[in-house]
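The structure under discussion appears below in the form of structure tokens.
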Amino acid sequence: MILLSVGTQFPFDRLVRAVDGWAGETRRQDVVAQIGPSDYKPKALKCMDFLGPDEFRKLQAEADIIIAHAGMGSILTALEMGKPIIIMPRDHLRGEHRNGHQLATAERFCETPGVYVAKNEEELAERLNRLDDLAAAQLSSKKAPDDFVRRLRTFVEDDRPPPGFGIRLFNVIFRS
């Protein structure tokens, strides 16, 4: 099963339309989509606007591949669950988000094993047409590094991040 998720804050019709078109052309019937407040109504996808957290986590666990916007929750969950993920960032210049942070996130993860970045619909179609080539990241441990736990505890308890927390968070988790 393939799971498409666009989050809950904004519509991401460009991604939904692209995956729906691909599913229709390839006659895939195993694509389940959480489409949020979308104006586009998919024809080939099994879709719902929103799901509760437990139901959504169950679908993530059942999925063979996840397709999502470039949200950190989606990326980290796919890595944690050992699922390959294709991300297509929302483009703030198209009105798909408030700012360009998803473009920056996609750029940051473009070399990460298990994370496949599609910058546009054409790249997304290329990735989708080669699903058998996608492999999940092999994390060495599901236990968070001690430095990460210490930094996260400081952030939560002090209500402010320690210096360099946001920039180095990814490196602490995945590159140490």
Side-chain angles (χ1 to χ4, degrees), residues 1-138 170 174:
M1 184 257 292
I2 299 169
L3 176 62
L4 167 64
S5 170
V6 302
T8 59
Q9 294 183 15
F10 298 99
F12 196 7
D13 292 348
R14 185 167 57 101
L15 177 58
V16 175
R17 186 178 290 111
V19 175
D20 188 47
W22 173 81
E25 289 172 17
T26 59
R27 298 196 168 126
R28 293 290 297 241
Q29 297 180 357
D30 63 339
V31 184
V32 176
Q34 175 273 315
I35 62 170
S38 181
D39 291 328
Y40 176 77
K41 300 302 173 206
K43 298 166 189 62
L45 307 177
K46 298 172 193 158
C47 62
M48 64 283 307
D49 295 344
F50 303 101
L51 292 167
D54 292 338
E55 190 177 2
F56 186 62
R57 186 122 174 121
K58 183 178 181 231
L59 281 176
Q60 289 172 310
E62 292 172 2
D64 298 307
I65 297 187
I66 298 172
I67 305 165
H69 64 123
M72 286 301 298
S74 297
I75 296 168
L76 294 176
T77 298
L79 290 169
E80 172 195 342
M81 291 185 170
K83 309 286 180 174
I85 183 169
I86 301 170
I87 60 169
M88 189 166 94
R90 295 172 182 272
D91 185 347
H92 66 294
L93 298 176
R94 296 175 187 229
E96 295 168 342
H97 218 311
R98 291 181 208 95
N99 58 45
H101 78 276
Q102 287 203 359
L103 297 167
T105 298
E107 185 65 32
R108 182 73 170 136
F109 278 89
C110 69
E111 298 293 326
T112 303
V115 179
Y116 302 89
V117 176
K119 295 178 182 170
N120 55 47
E121 297 92 312
E122 293 78 25
E123 288 184 15
L124 178 64
E126 290 172 16
R127 296 279 190 206
L128 292 171
N129 288 329
R130 300 182 58 136
L131 290 178
D132 292 338
D133 295 341
L134 306 184
Q138 300 300 314
F170 175 77
F174 297 105

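What you find for Ala118 and Pro89 is that their closest heavy atoms are O-CD, 3.4 Å. The two residues Leu131 and Trp22 come nearest to each other via the heavy atoms CD1-CH2, 3.7 Å. The minimum heavy-atom distance linking Arg14 with Met88 is given by the pair NH1-CE, 3.8 Å. Closest non-hydrogen pair, Ile85 versus Ala78, comes out as CB-CB, 3.7 Å. Shortest non-hydrogen contact noted between Val31 and Ala23 is CG2-CB, 4.2 Å. Residues Ala106 and Ile87 come closest through the heavy atom pair CA-CD1, 4.0 Å.
No donor-acceptor pair closer than 3.5 Å links the side chain of Arg90 to the backbone N or O of Gly71. In this structure a side-chain-to-backbone donor-acceptor pair under 3.5 Å is missing from Gln34 to Ser5.
Expressed to the nearest 0.5 Å, how far OG of Ser74 lies from NE2 of His69 amounts to 4.0 Å. If you take CD1 on Ile86 and CG on Leu15, they are separated by 9.5 Å, rounding to the nearest 0.5 Å. Expressed to the nearest 0.5 Å, how far OG1 of Thr8 lies from CD1 of Ile35 amounts to 13.0 Å. Between Leu128 atom CG and Thr26 atom OG1 the span is 8.0 Å, to the nearest 0.5 Å. Rounding to the nearest 0.5 Å places CG of Leu134 at 9.5 Å from CD1 of Ile67. The line from CZ of Arg108 to CG of Leu103 is 15.5 Å long, rounded to the nearest 0.5 Å.
Put simply, the side chain of Tyr116 reaches to within 4.5 Å of the side chain of Pro84, judged on heavy atoms. A 4.5 Å side-chain heavy-atom check between Met81 and Gln60 finds at least one atom pair inside the cut-off. Looking only at side-chain heavy atoms (C-beta outward), Asp30 and Asp64 stay at 4.5 Å or farther from each other. Leu4 is not listed as a side-chain neighbour of Val32, based on a closest heavy-atom distance of 4.5 Å or more. Looking only at side-chain heavy atoms (C-beta outward), Leu3 and Phe56 come within less than 4.5 Å of each other.
Applying the side-chain contact (heavy atoms from CB on, under 4.5 Å) criterion to Glu107, with sequence neighbours excluded, gives Cys110, Lys119. Scored by the side-chain contact (heavy atoms from CB on, under 4.5 Å) test, Ala18 finds Glu121, Leu124 as partners (sequence neighbours excluded). Annotation: side-chain hydrogen bond (donor to acceptor under 3.5 Å, both in side chains) contacts of Arg130 (sequence neighbours excluded): Asp133. In this structure, the side-chain contact (heavy atoms from CB on, under 4.5 Å) partners of Tyr40, at least two apart in sequence or on a different chain, are Asp13, Val16, Arg17, Asp20, Ser38, Pro42, Lys43. Take Glu62 and apply the side-chain contact (heavy atoms from CB on, under 4.5 Å) test, not counting sequence neighbours, and it matches Met1, Lys58, Leu59.
Surrounding CD of Glu122 are more than 12 heavy atoms belonging to other residues, nucleotides or ligands, all under 6.0 Å away.
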Which atom pairs, donor and acceptor, lie under 3.5 Å between side-chain atoms of residues 48-55 and protein residues at least two apart or in another chain?
none

